[in-house]
Amino acid sequence: MGALALGCSSRKLAQDADVRPAFISAVNVLADGNMVPVPGGLLIRDKDKHVIGAIGVSGDLSDTDERCALIGIAAANLFSDELAA
């Protein structure tokens, strides 16, 4: 997952794709085309803000996917870098 590999949400990766398309394209080549720079992928952090994993949700609009991921993270009493939408 791109979020975990690059240490930021896929929303941030989407923003980076607008600013640095060549970099994101190169990363996607290294990931064998498995990185999708759109909202829906989030880092999962514990109460001490340590990254303990990531989640990726897909199937609806990207903002909705991200909201679903945030709801799941919150339901597990964990945290993400993104604000609840």
Side-chain angles (χ1 to χ4, degrees):
M1 165 180 274
L4 192 56
L6 294 174
C8 62
S9 72
S10 59
R11 178 176 293 280
K12 172 77 168 86
L13 295 177
Q15 293 165 346
D16 282 352
D18 288 339
V19 177
R20 305 183 306 167
F23 172 74
I24 296 299
S25 178
V27 170
N28 201 25
V29 168
L30 291 172
D32 292 326
N34 292 314
M35 186 188 75
V36 182
V38 297
L42 297 170
L43 297 177
I44 301 171
R45 296 182 182 271
D46 64 14
K47 64 179 175 58
D48 297 319
K49 306 297 182 198
H50 296 111
V51 174
I52 60 169
I55 184 172
V57 176
S58 182
D60 203 310
L61 299 174
S62 297
D63 288 339
T64 303
D65 294 340
E66 182 178 71
R67 233 179 347 269
C68 290
L70 285 166
I71 290 167
I73 292 168
N77 294 315
L78 297 168
F79 307 92
S80 178
D81 297 330
E82 297 298 316
L83 299 175

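In what follows, residues are counted from 1 in the order of the sequence shown. Computed from a predicted model, the values in this text were never measured in an experiment.
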Novice: Can you check whether D65's main-chain N or O pairs, donor with acceptor, with D60's side chain at less than 3.5 Å?
Specialist: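 Checked: no pair found.
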Novice: Tell me whether S10 contacts the main-chain N or O of G40 through its side chain, where contact means a donor paired with an acceptor under 3.5 Å.
Specialist: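 Yes: the side chain of S10 pairs with the backbone of G40.
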Novice: Remaining members of V38's ILVMFWY cluster at a side-chain heavy-atom cut-off under 4.5 Å?
Specialist: V36
Novice: What are the two closest non-hydrogen atoms of L78 and R45, and how far apart are they?
Specialist: CB-O, 3.5 Å
Novice: So which heavy atom on V57 is nearest to which on A69, and how close?
Specialist: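 Where V57 meets A69 most closely, the heavy atoms are CG2-CB, 3.7 Å.
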Novice: Would you say M35 and F23 are hydrophobically clustered, going by side-chain heavy atoms of ILVMFWY under 4.5 Å?
Specialist: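 Yes, M35 connects to F23 through the hydrophobic network.
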Novice: Looking only at heavy atoms, what is the nearest atom pair of A3 and L43, with distance?
Specialist: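 It is O-CD2, 3.3 Å.
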Novice: Would you name the heavy atoms of S80 and L70 that are closest together and state the gap between them?
Specialist: CB-CD2, 3.9 Å
Novice: Taking all heavy atoms of K47 and all of F79, pick out the closest pair and write down the distance.
Specialist: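 The answer is CA-CE1, 3.6 Å.
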Novice: Are I73 and I52 grouped together when hydrophobic residues (ILVMFWY) are joined by side-chain heavy atoms under 4.5 angstrom apart?
Specialist: yes
Novice: Step by step, work out the side chain to side chain contact (heavy atoms under 4.5 Å, CB included) result for R11 and L42.
Specialist: CA-CA 8 Å; R11 178 176 293 280; L42 297 170; over 6 Å; no
Novice: Checking side chain to side chain contact (heavy atoms under 4.5 Å, CB included) against P39, which of L13, L61, D63 comes through?
Specialist: D63
Novice: Okay, side chain of D48, backbone of H50: is any donor-acceptor separation there less than 3.5 Å?
Specialist: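 Between the backbone of H50 and the side chain of D48 there is no qualifying donor-acceptor contact (under 3.5 Å).
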Novice: Enumerate the residue pairs fulfilling salt bridge (Lys or Arg N to Asp or Glu O under 4.0 Å) with a member in residues 13-37, sequence neighbours excluded, ordered by first and then second residue.
Specialist: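 Sorted result for residues 13-37: K12-D16, D16-R20.
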